[in-house]
Amino acid sequence: MGNFVKALSDRACVVMADSTWMEDAALAQLLSTAQMEGMQRVAGMPDLHPGRGNPVGAAFFSKDIIYPTLVGNDIGCGMALWQTDLLASAVRLDKLDKRVGNIDGPLEDLQLRAQAAEVQGVQPGEHLSALGTIGGGNHFAEFQQVDAIYAAQALSDLGLSPRHLLLLVHSGSRGLGERILRRHVDTFGHRGLTVGTDVAAAYLDEHEAALRFARCNRSLVAQRLLLNVRAQGECVLDVHHNFVASANVGGQDGWLHRKGATPSDQGPVVIPGSRGDYSYLVRSRRLCHDTLLSLAHGAGRKWIRSACKDRLFKLTSPTQMARTALGSRVICNDRQLIYEEAPQAYKGIDSVVQALVGAGLIELLARLKPVLTYKTRGECCE
DNA sequence: ATGTCC
């Protein structure tokens with residue numbers, strides 16, 4: 001087990017296998033976060049990669065101080081998995097593509113939006129128009145089919161029927177979280193906030209609102225897509241991977257920040273690969289405090305965004321990239337984004353998931369294959 | 001990442 005959890009210092013470790021792509025720059029960023037005031041322990045997940053200052057795919061456990069910049073701008077970003085009633089065997093990609101339509105703009109059904117906002121405890125505010133939209137970057141909505149079953153009982157316990165399509169939504173709090181972080185940084189810079197002060201309490205209140213908003217947003221994205229494709233569905237799981245919460249780690253009370261780190265103590269989760277790779281439905285096998293009760297949140301970037309187009313445009317066209325090696329379709333009519341989110345730009349999901357398996361942290365429940373990935377209908381790029 | 005930068 002120790003083989004897959006590598007100690008970087010007395011308070012930093014990273015979960016990885018020999019096959020896991022890992023950049024020195026990401027490890028250096030992780031080690032530098034371990035030096036922050038009040039930091040007790042940091043843990044890199046196998047999808048760890050460099051971020052803007054702080055690494056992505058990591059958890060940070062501090063005492064008495066919280067750091068909004070460690071959570072980042074997309075407070076509440078996470079994954080929601082929905083079960084649909086569409087038979088995977090009946091899918092016709094052209095038809096599904098057509099029916100999915102365009103969900104880039106604000107949700108048309110204001111009644112649905114207001115109802116969801118109320119149910120999820122989202123306060124009326126200026127960001128309501130973003131509810132039901134995916135956003136940019138690595139966010140997506142993806143129809144998937146169950147490709148391999150490793151634990152049939154666990155699937156049925158979750159209410160999953162393997163013959164039907166699943167819908168995975170990766171999105172967050174959109175402009176709301178962005179505004180919360182920006183206002184914090186404008187006032188306090190990158191300093192942390194002392195827990196117990198009014199400013200810390202104010203941030204935590206706003207952060208809580210962003211978590212509710214993000215969850216509501218994922219739900220509306222899913223419901224919107226289901227309406228468009230004339231399907232019914234139910235939410236199976238919804239788990240944030242960018243947030244901070246009080247926690248007891250190794251017998252010590254403190255604050256656990258997650259930046260692209262999925263909690264291991266909130267039931268089964270999906271660890272998605274790139275749009276051209278599998279995703280895995282997994283469940284935690286043990287509560288590991290050394291790795292800060294966290295799991296990978298995806299494959300993790302291998303290439304920085306700015307390098308992707310140069311490396312790929314000679315090899316492949318946007319049209320070619322609308323189809324993946326697994327036979328799935330990609331809706332991404334944004335010339336830049338389609339390169340930035342190319343499967344080649346991401347670590348192989350098996351090298352990430354196998355590191356977690358090797359460390360004894362997870363058990364695989366099912367392998368999911370992409371069918372259709374929605375990024376943006378955008379403008380036509382051909 | 002961003003009702004995003006020219």
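Throughout, protein chains are lettered first and strands after them, A, B, ... in sequence-line order, and every chain is numbered starting at 1.
When rounded to the nearest whole Å, the span between NE2 of A:H170 and P of B:dA1 equals 6 Å. Look at CD1 on A:I180: it is 14 Å from C1' on B:dA1, rounded to the nearest Å. One can place CD of A:E340 at 13 Å from C1' of B:dC5, the figure rounded to the nearest angstrom. The distance from atom CZ of A:R113 to atom P of B:dG3 is 14 Å, rounded to the nearest whole Å. Following rounding to the nearest Å, A:I134 (CD1) and B:dA1 (P) show an atom-to-atom distance of 13 Å. The separation between A:R301 atom CZ and B:dA1 atom P is 8 Å, rounded to whole Å. Atom CG of A:L176 and atom C1' of B:dT4 are 16 Å apart (whole Å). Atom NE2 of A:H184 and atom P of B:dT2 are 19 Å apart (whole Å).
Nucleic acid contact for A:R174: sugar-phosphate only, since backbone atoms but no base atoms lie under 4.0 Å from a heavy atom of the residue. Residue-level contact check: A:G175 touches the backbone only, with heavy atoms under 4.0 Å from sugar-phosphate atoms and none from bases. The residue A:G135 sits close only to the backbone: its heavy atoms come under 4.0 Å of sugar-phosphate atoms, none of a base.
Considering every non-hydrogen atom in both A:E206 and A:R183, the closest pair reads OE2-NH2, 2.6 Å.
Under a cutoff of 6.0 Å and an axis angle of 45°, A:R41 and A:F61 do not form a cation-pi pair.
Hydrophobic clustering keeps A:I65 apart from A:L193 (ILVMFWY residues linked when any side-chain heavy atoms are closer than 4.5 Å, directly or through intermediates).
Partner of A:Y67 under the side-chain contact (heavy atoms from CB on, under 4.5 Å) criterion, out of A:R191, A:H190, A:E37, A:K259: A:E37 alone.
Scanning atom types as modelled, no donor and acceptor separated by under 3.5 angstrom connect the side chain of A:D74 and the base of B:dA1.
Here A:R52 does not reach the OP1 or OP2 of B:dA1: none of its side-chain N or O atoms lies under 4.0 Å away. The phosphate of B:dA1 has neither OP1 nor OP2 within less than 4.0 Å of any side-chain N or O from A:R182.
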Inset, instruction - Would you check, one step at a time, whether the test ring-ring contact (aromatic ring centres under 6.0 Å, His included) holds for A:H240 with A:H297? - result: CA-CA 9 Å; A:H240 304 296; A:H297 80 308; over 10 Å; no

